[in-house]
There are 2 protein chains.
Amino acid sequence: MTTLHIIDDDEAIRDALGWLFQSRSVPVAGWPSAESFLEGWRPDTAGCLLLDIRMAGMSGLELFDRLLARGCRMPVIFLTGHGDVPIAVSALKKGARDFVEKPFNDNELVDRVIEALAFDAEQREREAGQAGVAARLATLTQRERQVMELVVAGRLNKVIADELGISMRTVEVHRSHVFEKMRVKTAVELTRLLAATP
Amino acid sequence: MTTLHIIDDDEAIRDALGWLFQSRSVPVAGWPSAESFLEGWRPDTAGCLLLDIRMAGMSGLELFDRLLARGCRMPVIFLTGHGDVPIAVSALKKGARDFVEKPFNDNELVDRVIEALAFDAEQREREAGQAGVAARLATLTQRERQVMELVVAGRLNKVIADELGISMRTVEVHRSHVFEKMRVKTAVELTRLLAATP
DNA sequence: GCGGCTATTGTGGATATCCGCAGAATCCGT
DNA sequence: ACGGATTCTGCGGATATCCACAATAGCCGC
């Protein structure tokens with residue numbers, strides 16, 4: 001299982017949460033500030049975040065915004081001791097996974113964290129597949145991409161040739177290159193490959 | 001534009017909100033209770049809901065649950081005067097669109113409602129298209145459905161014939177019927193049609 | 001039993017797609 | 001200037017798909 005990142009400037013809380021999750025076999029990493037986590041974060045950092053709202057220095061919300069801006073897609077569970085509805089609403093609408101008030105129920109929190117970790121693992125698997133597709137897409141030339149778009153739009157070769165003002169034979173060549181580079185054998189497979197990503 | 005349904009047991013608030021929205025050209029329907037709205041609700045009721053949490057009789061949350069159970073997909077904006085974070089979190093996680101505390105900013109609320117109405121309209125358009133596809137799917141015979149699944153999986157006719165233990169000619173016939181009934185001309189179009197719905 | 005729907009198969013021909021072989025033009029970097 | 005990548009084109013043949021015409025057979029409802 002991947003790691004739960006606990007970000008809280010109160011060492012006592014980090015320790016208590018660390019204890020709780022380690023006792024449930026959830027790997028934990030503790031961070032004493034938003035800044036320290038942000039510095040250590042890399043696009044391939046996996047797992048989920050348990051993030052305190054109020055912290056000295058950068059707040060949990062600000063860290064969340066900065067992570068989003070950097071393309072981080074890890075599930076984030078906010079922890080807060082002083083429930084503020086507008087903050088909760090805006091965090092959830094931005095894509096936070098959960099918003100939990102202290103004091104919380106231990107078992108419930110553990111369950112939510114485990115679900116979030118599973119979600120992250122699945123999401124990373126999906127994205128790994130998509131990255132492979134994106135890498136293959138990047139090897140296409142402009143013309144090949146144009147032809148591909150018309151192919152997955154369902155146009156016949158002769159129509160594509162018309163629309164691009166080139167001969168059918170040339171379309172066939174590009175089409176064949178696209179299939180080869182994208183590692184598919186039929187237009188239908190290509191369509192499915194691209195339908196899963198856009 | 002479609003209708004905003006205001007559900008609040010306080011007539012003064014219904015009137016005030018009604019005024020606000022009518023002055024912004026948003027069509028409004030007022031309901032004095034969750035029960036009255038639920039009774040009048042039909043699957044094709046369009047628009048969005050502005051729903052008070054605390055009401056005599058059925059609460060806003062309970063109405064929301066019942067609507068979800070009946071397959072209602074209208075955007076719901078909750079209104080509440082006594083912010084409760086766990087309630088807001090659970091409502092949003094269930095799919096509520098927004099959760100607004102009184103007193104609210106008029107302009108902000110109007111903006112959110114207009115966005116929600118636009119969202120509902122788009123969603124209904126999408127679903128109308130999907131319903132058409134579903135209706136056409138329902139006209140397929142079992143065999144045609146089997147062939148269709150293999151076609152959109154990218155198999156060639158000869159392979160399909162093998163897998164189903166029938167002749168290629170029969171596959172061609174079924175395939176042609178599928179195209180006709182689904183109103184497409186190529187396997188790629190069919191794939192796109194089905195990829196948008198699953 | 002007759003008519004309609006479904007499923008099946010065949011023949012034969014028109015179209016489309018797939019592919020190897022061959023040739024050529026432009027642009028770019030060494 | 002030479003090689004490489006990209007784009008373009010033609011020919012011909014092997015496969016595949018599309019389709020009209022034609023026919024057989026089982027099941028179901030009237």
Side-chain angles (χ1 to χ4, degrees), chain A residues 129-198, chain B residues 129-198:
Chain A
Q130 291 175 3
V133 173
R136 282 175 262 168
L137 272 177
T139 69
L140 298 179
T141 66
Q142 294 179 2
R143 211 48 159 169
E144 286 166 351
R145 210 184 316 281
Q146 287 176 350
V147 171
M148 183 188 72
E149 282 166 14
L150 294 170
V151 167
V152 300
R155 310 282 212 290
L156 297 180
N157 284 355
K158 60 154 66 172
V159 181
I160 296 174
D162 259 18
E163 292 192 26
L164 295 182
I166 58 182
S167 83
M168 235 181 82
R169 186 63 186 88
T170 307
V171 173
E172 289 175 347
V173 171
H174 288 316
R175 181 187 180 119
S176 153
H177 286 161
V178 168
F179 283 7
E180 191 183 344
K181 287 182 177 177
M182 299 304 289
R183 295 179 204 165
V184 295
K185 284 197 286 290
T186 68
V188 170
E189 288 177 60
L190 183 61
T191 305
R192 300 180 73 76
L193 205 61
L194 297 182
T197 342
Chain B
Q130 291 175 6
V133 173
R136 282 175 262 169
L137 272 177
T139 69
L140 298 180
T141 67
Q142 293 179 1
R143 210 47 158 172
E144 287 166 351
R145 211 183 317 280
Q146 288 175 348
V147 171
M148 183 189 72
E149 282 165 13
L150 294 170
V151 166
V152 299
R155 310 282 214 289
L156 296 180
N157 284 354
K158 61 153 68 171
V159 180
I160 297 174
D162 260 19
E163 291 191 27
L164 295 182
I166 57 182
S167 83
M168 232 180 86
R169 187 63 187 88
T170 308
V171 173
E172 289 177 26
V173 172
H174 288 316
R175 181 186 179 120
S176 152
H177 286 161
V178 169
F179 283 8
E180 190 183 345
K181 288 183 177 177
M182 299 304 290
R183 294 178 205 166
V184 296
K185 283 198 287 288
T186 67
V188 170
E189 287 177 61
L190 182 62
T191 306
R192 301 180 71 77
L193 205 62
L194 297 182
T197 340

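Fair warning: this is a prediction, and the values are worked out from it, not measured in the lab. Lettering follows sequence order; numbering is per chain, from 1.
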Inset, instruction - Just do the side-chain contact (heavy atoms from CB on, under 4.5 Å) check on B:Val147 and B:His177 with the steps written out, would you? - result: CA-CA 10 Å; B:Val147 171; B:His177 286 161; over 6 Å; no

Inset, instruction - Start with the C-alpha gap between B:Lys185 and A:Leu156, add the side-chain angles, then the distance that decides, and say whether side-chain contact (heavy atoms from CB on, under 4.5 Å) holds. - result: CA-CA 10 Å; B:Lys185 283 198 287 288; A:Leu156 297 180; over 6 Å; no

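Regarding contacts with the backbone of C:dT8, a side-chain N or O of B:His174 is found under 4.0 angstrom from either OP1 or OP2. Side-chain N/O atoms of B:Thr170 include one lying less than 4.0 angstrom from OP1 or OP2 on C:dT9. Checking the phosphate oxygens (OP1, OP2) of D:dT7, a side-chain nitrogen or oxygen of A:Thr141 falls inside 4.0 Å.
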Inset, instruction - Take nucleotides 14-20 of chain D nucleotide by nucleotide from the 5' end and write B, S or -, depending on whether a protein heavy atom sits under 4.0 Å from the base, only from the sugar-phosphate, or from neither. - result: --SBBBB

Inset, instruction - Quick one, give me the B/S/- string for nucleotides 24-30 of chain C, reading 5' to 3', where B means a protein heavy atom under 4.0 Å from the base and S means that only happens at the primed atoms, P, OP1 or OP2. - result: -------

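Nearest-nucleotide mapping onto DNA chain D: of A:Val173 and A:Lys181, the residue sitting toward the 5' end is A:Lys181.
Inter-residue side-chain proximity for B:Val151 and B:His174 is flagged as unmet; no heavy-atom pair is nearer than 4.5 Å. Residues B:Leu193 and B:Val184 have side chains in contact (heavy-atom distance under 4.5 Å, counting atoms from C-beta outward).
Taking a 6.0 Å sphere around CZ of A:Arg145, one finds it holds more than 12 heavy atoms contributed by other residues, nucleotides or ligands.
In this structure, A:Arg192 does not pair ionically with A:Glu189, as no charged nitrogen and carboxylate oxygen lie closer than 4.0 Å.
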